[in-house]
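Shown next, in structure tokens, is the structure this report addresses.
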Amino acid sequence: MKKRTAEPFKIKAVETLKMLNDEERKQALEKAGFNTFLIDSEDVYIDLLTDSGTTAMSDKQWGALMVGDEAYAGSKSWYKLEKAVKDIYGYKYVIPTHQGRGAENLLSQLMINEGDYVPGNMYFTTTRAHQELNGATFVDVIIDEAHDSLLDHPFKGNVDLIKFQKLIDDVGAEKIPYLCLAVTVNLAGGQPVSMKNMREVYEICQQNKISVMLDATRCVENAYFIKEREDAYADKSVKDILKEMLSYSDGCTMSGKKDCLVNIGGFLAMNEEELYTRAREMVVLYEGMPSYGGLSGRDMEAMALGIYESIDDNYISHRIGQVRYLGQQLIDAGIPVVKPIGGHAVFLDAKKFLPHIKQEELPAQALAAALYLDSGVRAMERGIVSAGRNKVTGENNVPKLELVRLTIPRRVYTNNHMDVVCDSIISLYEKREQIVGLKMVYEPPTLRFFNARFTPLSVNGELMS
Ligand SMILES: *Cc1c(COP(=O)(O)O)cnc(C)c1O
């Protein structure tokens with residue numbers, strides 16, 4: 001018999017959850033206009049909206065808050081953070097920022113000239129927005145497999161070297177300041193990039209004098225996938241794998257709110273001195289002195305410790321294991337999910353879950369609402385609502401994937417919580433024909449998914465017929 005394993009931590013402080021009854025959840029959902037973003041956190045039982053900044057810190061991190069050095073310049077806490085980044089990530093220079101997008105802003109301004117091209121393995125919303133704001137055109141160079149939700153491929157985040165080479169041939173290397181390589185790829189479902197691919201991409205970039213800048217937000221999760229799936233890495237530590245991964249890059253932007261195990265924070269790191277000198281000047285304008293970058297001393301203490309905690313093999317294997325624990329149970333029950341299960345989330349395929357609801361009737365939004373109604377579990381729509389409208393024609397963008405994202409916060413929930421989520425989804429699947437589509441009754445002009453309001457397409461206004 002395979003021995004079961006449990007969380008590699010015990011619980012020292014608890015946060016009591018309010019458990020609403022059926023009628024109360026129904027009211028909360030109606031009040032929120034059937035948009036899970038608009039539900040009050042205190043009305044949520046299990047919150048799988050995002051893994052960003054929702055981490056539970058360790059007792060050591062909480063203890064370190066007290067020793068934070070809040071000096072305006074030359075804080076002791078800053079030196080601890082700098083040392084942690086250099087030790088674990090291996091870059092020569094570090095600039096702290098308030099979160100990931102602060103680093104993206106600096107990097108994009110520092111490296112992009114009007115008319116440049118920035119290739120990437122899919123895009124992330126803020127990353128791409130900063131590139132475009134600075135006059136660059138984003139070019140997707142991820143392998144085609146990434147766009148197929150059912151295709152099982154160990155490294156769906158890989159760069160397609162032929163697509164990348166074609167871009168170099170078409171626009172010229174001098175128009176490409178850097179390639180932005182996300183490890184793992186959030187939008188593809190938390191899918192990793194292989195070490196082999198990173199090595200090859202770096203080689204092409206070096207030959208063409210193009211920098212490789214990582215979006216390192218979930219790099220530890222990526223390292224763990226390499227350990228599991230790539231020949232010759234099974235016996236290496238996640239720490240060593242991570243070091244090697246980052247050696248195939250010239251710098252990174254980091255959102256500490258994910259793999260650095262803190263609620264706020266980030267940094268920009270690089271090896272080139274000239275870029276660092278310019279970044280030190282610019283950070284003062286947008287974030288603060290280069291020794292705090294928008295963070296308090298205590299934030300930097302917590303992030304420095306989180307960086308070390310994140311590379312503990314027991315931590316990271318539990319982290320990925322918990323996401324898979326949920327995903328595999330759903331797969332075994334015949335629920336349509338994106339495969340393979342990624343590093344930070346399980347994605348339900350709403351088109352396949354609710355085939356009777358046309359995409360214009362917002363199946364993923366309806367499914368996320370139905371899940372909250374059933375059990376107080378909060379997920380997020382990633383489909384036609386999130387995709388917004390075409391800026392020129394005003395028509396809805398119609399994405400191929402219509403998904404509900406169940407994002408697992410780090411160290412927050414036990415596997416029992418995952419069982420509750422799983423049972424709720426299975427029970428919804430059994431009565432899926434009762435779920436009706438939605439119609440948007442309020443549509444904000446930008447990033448509509450945050451604030452849009454909906455109403456069920458049923459005669460009596462009920463979500464379940
Ligand atoms: C969260 C995230 C960012 C942005 O980081 P923030 O800390 O939220 O500003 C960038 N890239 C990826 C892949 C992310 O998931």
Side-chain angles (χ1 to χ4, degrees), residues 37 48-55 57 81 85 89 94-109 118-134 138 140 142 146 156-159 178-193 212-223 225 245-246 249 251-269 283 286-288 293-296 299-300 302-303 306-307 310 319 323 342-345 347 380 382 386 403 405-410 447 449-450:
F37 276 99
L48 306 185
L49 193 70
T50 176
D51 66 332
S52 179
T54 51
T55 297
M57 291 207 297
L81 173 60
V85 176
Y89 292 76
V94 191
I95 300 276
T97 58
H98 75 284
Q99 59 184 85
R101 66 199 67 184
E104 292 166 356
N105 172 36
L106 299 179
L107 181 74
S108 304
Q109 288 205 43
V118 178
N121 50 346
M122 260 189 206
Y123 68 96
F124 183 73
T125 47
T126 56
T127 320
R128 176 176 174 171
H130 279 295
Q131 292 162 3
E132 291 174 347
L133 211 60
N134 285 282
F138 164 82
D140 190 2
I142 202 166
K156 263 180 162 175
N158 279 356
V159 169
Y178 62 95
L179 173 131
C180 176
L181 188 67
V183 285
T184 59
V185 184
N186 187 347
L187 252 76
Q191 304 293 337
V193 180
V212 175
M213 302 308 280
L214 300 183
D215 179 341
T217 296
R218 293 185 182 77
C219 59
V220 185
E221 292 170 6
N222 199 103
F225 281 117
M245 277 169 57
L246 303 193
S249 73
C252 78
T253 56
M254 183 75 191
S255 168
K257 302 173 72 170
K258 284 72 169 234
D259 269 357
C260 298
L261 299 176
V262 286
N263 306 117
I264 195 75
F267 58 82
L268 171 64
V283 72
Y286 292 98
E287 308 277 326
L295 296 169
S296 62
D299 293 334
M300 294 192 283
M303 190 154 64
I307 287 171
S310 72
R319 159 70 178 156
V323 177
H344 67 295
F347 291 78
M380 182 199 286
R382 280 283 113 129
S386 296
L403 307 175
R405 188 178 88 176
L406 305 156
T407 337
I408 317 299
R410 295 168 180 78
L447 297 176
F449 57 94
F450 284 126

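Quick caveat, the model's predicted, so the values are computed rather than measured. Start at 1 and go down the list; that is how both ligands and their atoms are numbered. What you see below is based on every heavy atom in this structure, not just the backbone, and it leaves out hydrogens, waters and symmetry mates.
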Would you check the N or O atoms of [X], main chain and side chain alike, for any that come under 3.5 Å of an N or O of ligand 1?
X: Phe124; answer: no
X: Arg218; answer: yes
X: Thr126; answer: no

At what distance is the nearest protein heavy atom to [atom], and which residue and atom is it?
atom: atom 10 (C) of ligand 1; answer: Glu104 OE2, 3.1 Å
atom: atom 11 (N) of ligand 1; answer: Asp215 OD2, 2.6 Å
atom: atom 6 (P) of ligand 1; answer: Gln99 NE2, 3.3 Å
atom: atom 7 (O) of ligand 1; answer: Ser255 OG, 2.6 Å
atom: atom 14 (C) of ligand 1; answer: Lys258 NZ, 3.0 Å

- Electrostatic pair Arg410-Asp51, nearest N-O below 4.0 angstrom: yes
With side chains defined as the heavy atoms from C-beta onward, is the minimum distance between [X] and [Y] less than 4.5 Å?
X: Arg218; Y: Asn186; value: yes
X: Ile408; Y: Arg319; value: yes
X: Met303; Y: Leu295; value: yes
X: Cys252; Y: Leu268; value: no
X: Tyr89; Y: Val94; value: no

- Select one of side chain, backbone, both or neither to describe which atoms of Arg101 lie under 4.0 Å from any atom of ligand 1, heavy atoms only.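 Contact part for Arg101 vs ligand 1: both backbone and side chain.
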- Contact region, Thr253 to ligand 1, non-hydrogen atoms below 4.0 Å, reads neither
- Taking atom types as modelled, find out whether Thr126 and Glu104 have a side-chain donor-acceptor pair closer than 3.5 angstrom. yes
- Message: If only side-chain N and O atoms count, and only distance matters, is there a donor-acceptor pair under 3.5 Å linking Gln109 with Tyr286?
- Response: yes
- Message: Quick check on contacts: which atoms of ligand 1 are under 4.0 angstrom from a heavy atom of Lys257?
- Response: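 Those qualifying, in numeric order: 7 (O).
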